[in-house]
Amino acid sequence: MKVVILAGGFGTRISEESYLKPKPMIEVGGKPMLWHIMKIFSTYGYNEFIICCGYKQDVIKEWFSNYYLYSSDITFDFRSGKKEVIIHREQPEPWKVTVVDTGLNTMTGGRIKRIAPFVGDEPFFLTYGDGVADVNIPELLKYHQEKGQKATVTCAQPQGRFGNLDITPDGIVTNFREKTREDVGWINAGFMVLEPSVFDYIEGDETIFERYPLEELARSGELNAYKHSGFWQCMDTLREKEALEKLWNTNQAPWKVWD
């Protein structure tokens with residue numbers, strides 16, 4: 001299965017760094033947030049990624065193009081009159097990465113619609129490029145397959161300002177809506193599993209995935225909730241980035257499920 005990562009937004013709430021790079025490329029522990037997310041999926045054997053880019057997409061493309069430069073010990077030898085590059089310590093990843101320009105101002109649903117040809121007629125994972133968690137990916141997939149609906153979204157219960165999910169006792173989402181002040185409940189934490197039929201719910205570039213597509217899936221009983229009681233954290237603000245950085249630097253990062 002392929003893993004689709006939304007990485008095209010402007011990241012205006014963390015503009016202290018996003019004016020230079022896309023939010024998924026902001027570093028935690030010296031590595032882009034995007035790398036952390038990919039390592040989570042890769043740990044469980046999911047190594048084919050589709051990155052939905054937009055804002056400053058060249059930064060993402062350049063980083064993957066020069067991945068060895070950022071992760072290896074390298075000698076540059078100019079003595080022969082031409083540059084010779086010797087890589088001493090490789091850290092290869094078993095990844096196939098497709099970086100897709102999904103438009104500068106395209107909404108989340110539109111970005112997903114644009115990568116449909118790269119996904120093909122098969123289920124796929126979808127997550128946001130600014131959130132990490134210790135979600136057990138195989139268990140998430142098994143849950144989705146057992147439920148038999150078109151979409152499954154991982155939900156968590158942090159304090160915050162996110163869209164709410166109304167969930168029946170047997171795990172069916174009955175409503176997907178914006179959070180009100182009176183609400184304290186489960187929120188959309190990304191880490192979704194989607195059937196290819198979900199593309200049919202997306203009209204075009206102006207479609208916000210969290211609005212009509214997810215709301216309609218919920219109304220029709222086709223949206224499952226995988227309740228995750230473990231760690232989840234997005235990086236929406238500088239304060240949240242610093243909190244993630246502290247966890248990583250003190251070897252207490254729960255999302256580090258790899259060796």
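The residues of the chain are indexed from 1 along the displayed sequence.
Among all heavy-atom pairs drawn from Lys21 and Val59, the shortest one is CB-CG1, 4.2 Å. Nearest heavy-atom pair across Trp248 and Gly29 is CD1-CA, 3.3 Å. Nearest heavy-atom pair across Ala7 and Ile60 is O-CD1, 3.9 Å. Across every non-hydrogen atom of Val153 and Gly190, the tightest pair is CG2-O, 4.1 Å. In terms of heavy-atom proximity, Trp255 sits nearest to Ala133 at CB-O, 3.6 Å. The two residues Ile202 and Pro213 come nearest to each other via the heavy atoms CG1-CG, 4.1 Å.
Between Leu214 atom CG and Arg219 atom CZ the span is 10.5 Å, to the nearest 0.5 Å. Between the CG atom in Leu141 and the CD atom in Glu146 there is a gap of 10.0 Å [rounded to 0.5 Å]. For the atom pair Asp259 CG and Thr43 OG1, the distance stands at 8.0 Å (nearest 0.5 Å). One finds the CG atom of Asp101 at 13.5 Å from the CD1 atom of Ile115 (value rounded to the nearest 0.5 Å). Remark: Thr152 OG1 to Lys147 NZ distance equals 8.5 Å, nearest 0.5 Å. Rounded to the nearest 0.5 Å, atoms CD1 (Ile86) and CG (Asp73) are 12.5 Å apart.
In this structure, Asp121 places its CG atom where only 12 or fewer heavy-atom neighbours from other residues, nucleotides or ligands lie under 6.0 Å away. Counting heavy atoms of neighbouring residues, nucleotides and ligands inside a 6.0 Å radius, atom CD of Glu206 does not exceed 12 of them.
Checked against the 6.0 Å centroid threshold, Phe209 and Tyr128 do not count as a close aromatic pair. With ring centers used as reference points, Tyr46 lies under 6.0 Å from Phe125.
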Derivation and outcome, side chain to side chain contact (heavy atoms under 4.5 Å, CB included), residues Lys31 and His36: CA-CA 7 Å; Lys31 295 288 188 180; His36 290 268; 3.8 Å; yes
Chi angles and distances behind the side chain to side chain contact (heavy atoms under 4.5 Å, CB included) call for Trp95, Lys39: CA-CA 10 Å; Trp95 296 346; Lys39 289 289 285 185; 3.8 Å; yes
Ile5 vs Met38, side chain to side chain contact (heavy atoms under 4.5 Å, CB included): CA-CA, chis, key distance, verdict: CA-CA 9 Å; Ile5 303 176; Met38 293 172 70; 3.8 Å; yes
Criterion side chain to side chain contact (heavy atoms under 4.5 Å, CB included) on Tyr44 and Val257, from CA distance to verdict: CA-CA 9 Å; Tyr44 296 105; Val257 293; 4.3 Å; yes
Glu245/Lys241 under salt bridge (Lys or Arg N to Asp or Glu O under 4.0 Å): CA gap, chis, key distance, verdict: CA-CA 6 Å; Glu245 190 88 41; Lys241 176 204 182 300; 3.0 Å; yes
Stepwise salt bridge (Lys or Arg N to Asp or Glu O under 4.0 Å) check, Arg114 with Asp205: CA-CA 8 Å; Arg114 287 199 186 196; Asp205 283 357; 2.5 Å; yes
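Side-chain contact between Ser42 and Pro94: present, with at least one pair of heavy atoms (C-beta onward) separated by less than 4.5 Å. Contact annotation: the side chain of Thr207 never approaches that of Lys113 to less than 4.5 Å [non-hydrogen atoms, C-beta and beyond]. Within the 4.5 Å cutoff, the side chain of Cys155 has heavy atoms near those of the Ile167 side chain. Looking only at side-chain heavy atoms (C-beta outward), Trp35 and Glu93 come within less than 4.5 Å of each other. Here the side chains of Thr98 and Ile51 are not in contact, with every heavy-atom distance at 4.5 Å or above. Contact of the Trp232 side chain with the Val132 side chain is not registered, since no non-hydrogen atoms from C-beta on lie closer than 4.5 Å. For the pair Phe199/Ile112, a side-chain contact is recorded, criterion being any heavy-atom separation below 4.5 Å from C-beta on. Side-chain atoms of Lys23 and Met235, non-hydrogen and from C-beta on, do get closer than 4.5 Å to each other.
Between Glu139 and Lys142 there is no salt bridge, since no side-chain nitrogen of the basic residue lies less than 4.0 Å from a carboxylate oxygen of the acidic one. Between Glu122 and Lys2 there is a salt bridge, with a side-chain nitrogen of the basic residue lying less than 4.0 Å from a carboxylate oxygen of the acidic one. Ion pairing of Lys256 with Asp134 is absent here, as no side-chain N (NZ or NE/NH1/NH2) approaches a carboxylate O to less than 4.0 Å.
A donor-acceptor distance shorter than 3.5 angstrom exists from the side chain of Glu222 to the backbone of Lys150, with no hydrogens or angles considered. Judged by distance alone, with hydrogens and angles left aside, the side-chain atoms of Thr154 form a donor-acceptor pair with the main-chain N or O of Phe191 at under 3.5 Å. Put simply, the side chain of His228 gets close to the backbone of Phe231: a donor and an acceptor are under 3.5 Å apart. Checked by atom type and distance alone, the side chain of Ser65 never pairs as donor or acceptor with a backbone atom of Lys61 at under 3.5 Å. Under a 3.5 Å cut-off, the side chain of Thr102 and the backbone N or O of Arg111 do not form any donor-acceptor pair. Formation of a donor-acceptor pair under 3.5 Å by the Glu216 side chain with backbone atoms of Tyr212 is not found in this model. No side-chain donor-acceptor contact under 3.5 Å links Tyr143 to the backbone of Pro138. Looking only at distances, no side-chain donor or acceptor of His144 sits under 3.5 Å from a matching main-chain atom of Leu194.
With sequence neighbours left out, Lys83 forms a side-chain contact (heavy atoms from CB on, under 4.5 Å) with Phe76, Phe78, Val85. Scanning for side-chain contact (heavy atoms from CB on, under 4.5 Å) contacts around Thr168 gives Asp170, Ile172, Thr174, with sequence neighbours left out.
By the rule that hydrophobic residues join a cluster once side-chain heavy atoms approach within less than 4.5 Å of another member, Met192 and Phe118 end up as members of one cluster. Hydrophobic clustering (ILVMFWY, side-chain heavy atoms < 4.5 Å, transitive): Val198 and Met107 are in distinct clusters.
Between Phe41 and Phe49, the ring planes are perpendicular. Angles over 60° get that label, and only those under 30° would be called parallel.
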